[in-house]
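Presented below is the structure to which this report refers.
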Amino acid sequence: MTSNGEKIHVATVTAPTNIACIKYWGKANVKLNTPLNSSLSATISQDYLRAVTTASASCSFTSHRLWLNGIEEDITTSKRFKACLDGVLKLAGDKVDDNGYAIVKKEEWKNMHVHISSYNTFPTAAGLASSAAGYAALVAALSSLFCAKETFDGELSTIARQGSGSACRSLYGGFVAWEKGSNDNDTGSDSMAVQIANENHWPEFRALILVVSDIKKETSSTTGMQTSVATSSLIKHRAEQIVPTRMKEITKAILSKDFKTFAEITMKESNQFHATCLDTYPPIFYLNSVSKSIISLVHLYNDWAGDVRVAYTFDAGPNAVLYTLDKYYLEICALIKYCFLGDDHSLFVPSTIDLPSSLDPTLLKAVDKLKGDGVKKVYVTKCGEGPITLKEEDSLIDLKTGLNLYNP
Ligand code: DP6
């Protein structure tokens, strides 16, 4: 309750990042933020990487305000924020007490302003899908605040998509496709996220996130993909001829837990996305020399094993995500330590993981030439669930003043 007696309503959620195996790159409709091609990702466990967002609303607030990582941002001109707020408001429902009495009627929410506070537990805009987690958390928090109800399955994902395309996939756990939609309606209502398998489907599945750089990327995804659409001839071929088949094949591989097929498609996709960046004019380079060493390491390791045990994928930045299986991940971590971390075990999160003390000498000889110190941190993690609603006491907004409580 504020000093003038108006109640502050709050909802707090956490939302995951997701890392695409089939990449979204290029928009079919910029205004609706629909993609040229469908894409597919793994939702990453929220154990270490997540966005936490409180959405609050009150009749006492005089404007919409947002704090990101403790700092107030000007959102008055943000079309993305407005699209998310207006989209969820349209689905608003009554907020009822334990006796079913409406504390707020659905039509009353639009008379209030909102205060939002959000933070990420990892670097923003460094190619670690912070915008995906951030907009998924925003839409999930607003939806919980306004007691929103979807009129069809996946409707909230069509709203998150308008915040940031990849955000629509973070509204579900496990493996998630973003179906590009038909592009023949003027709302993009069929361009939505669909869960392929939940987070419990493939328990052996592991994700290693190798932070190579936590500096904000030079070319944002939004700008980069617009230039690619305008200048790359590869992007059209990719969207029309390559991705539809890969979507079918990788979906089948996930459902049947065929890691080899999954891994090969994932690596080829990453490579073709970066080839599209290079085919853009002027070209865009997201990979650096450390990224390239990680690619070599993965191929050398798979060749040594005579199998496909691990896959790499890179988004719009030099950081790598490696997908592998439970039985291999400790050996791969030991190899990463040997090549890129020296003796510093503490760069693993969690730092308690117990690595094998020795690796095959033939393998070490093969990777020796890659040695350097380019990896700053390794998150050892797995597939995880979609947004989680927290309790009122977890609010990042002060329930008396309506102001931000979070300080990094
Ligand atoms: C390389 O979702 O950040 O990570 O819709 O313009 O906000 P906007 O783009 P964004 O692009 C993500 C691109 C990618 C690939 C992917 O996640 O599929």
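Remember, it's a predicted structure, so these values are computed and weren't measured experimentally. One-based numbering, in listed order, for ligands and for the atoms of each. The basis for the numbers below is simple: all heavy atoms, side chains too, and nothing from hydrogens, waters or symmetry mates.
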Asn18 vs Ser170, side-chain hydrogen bond (donor to acceptor under 3.5 Å, both in side chains): CA-CA, chis, key distance, verdict: CA-CA 6 Å; Asn18 70 78; Ser170 274; 2.9 Å; yes
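Numbered from 1 in the order shown, with element, the atoms of ligand 1 that lie under 4.0 Å from a heavy atom of Met225 read 9 (O), 11 (O). For ligand 1, the atoms sitting less than 4.0 Å from at least one non-hydrogen atom of Ser131 are 3 (O), numbered in the order shown with element in parentheses. Near Lys27, the atoms of ligand 1 lying under 4.0 angstrom from a non-hydrogen atom of the residue are 5 (O), 6 (O), 8 (P). Near Ala20, with a cut-off below 4.0 Å to any heavy atom, the atoms of ligand 1 are 16 (C), 17 (O), 18 (O). Taking every non-hydrogen atom of Arg80 and a distance limit under 4.0 Å, the qualifying atoms of ligand 1 come out as 6 (O), 7 (O). Every atom of ligand 1 is numbered from 1 in the order shown, and the set under 4.0 Å from a heavy atom of Gly165 is 2 (O), 5 (O), 7 (O), 8 (P).
If you look at Tyr286 and Phe314, their ring centroids are not closer than 6.0 Å. Aromatic ring centres of Phe175 and Phe205: separated by under 6.0 Å. The aromatic ring centres of Trp202 and Phe262 sit less than 6.0 Å apart.
Residues Val298 and Val310 come closest through the heavy atom pair CG1-O, 3.5 Å.
No N or O atom of Lys23 sits closer than 3.5 Å to an N or O atom of ligand 1. Taking any N or O of Asn33, backbone or side chain, at least one lies under 3.5 Å from an N or O belonging to ligand 1.
Distances shorter than 4.0 angstrom occur between a heavy atom of Arg169 and an atom of ligand 1. Residue Phe273 places a heavy atom less than 4.0 Å from ligand 1.
Across the listed options Tyr135, Tyr24, Trp25, Tyr24 owns the non-hydrogen atom lying nearest to atom 15 (C) of ligand 1. Distances from atom 10 (P) of ligand 1 to the heavy atoms of Ser164, Ala167, Gly317 put Ser164 nearest.
Contacts classified as ring-ring contact (aromatic ring centres under 6.0 Å, His included) and involving residues 385-408 (residues at least two apart or in different chains) are given here: Tyr119-Tyr406. Applying the ring-ring contact (aromatic ring centres under 6.0 Å, His included) rule to pairs touching residues 133-164 yields Trp109-Phe146, sequence neighbours excluded.
For the residue pair Ser191 and Trp178, a side-chain donor N or O sits within less than 3.5 Å of a side-chain acceptor on the partner.
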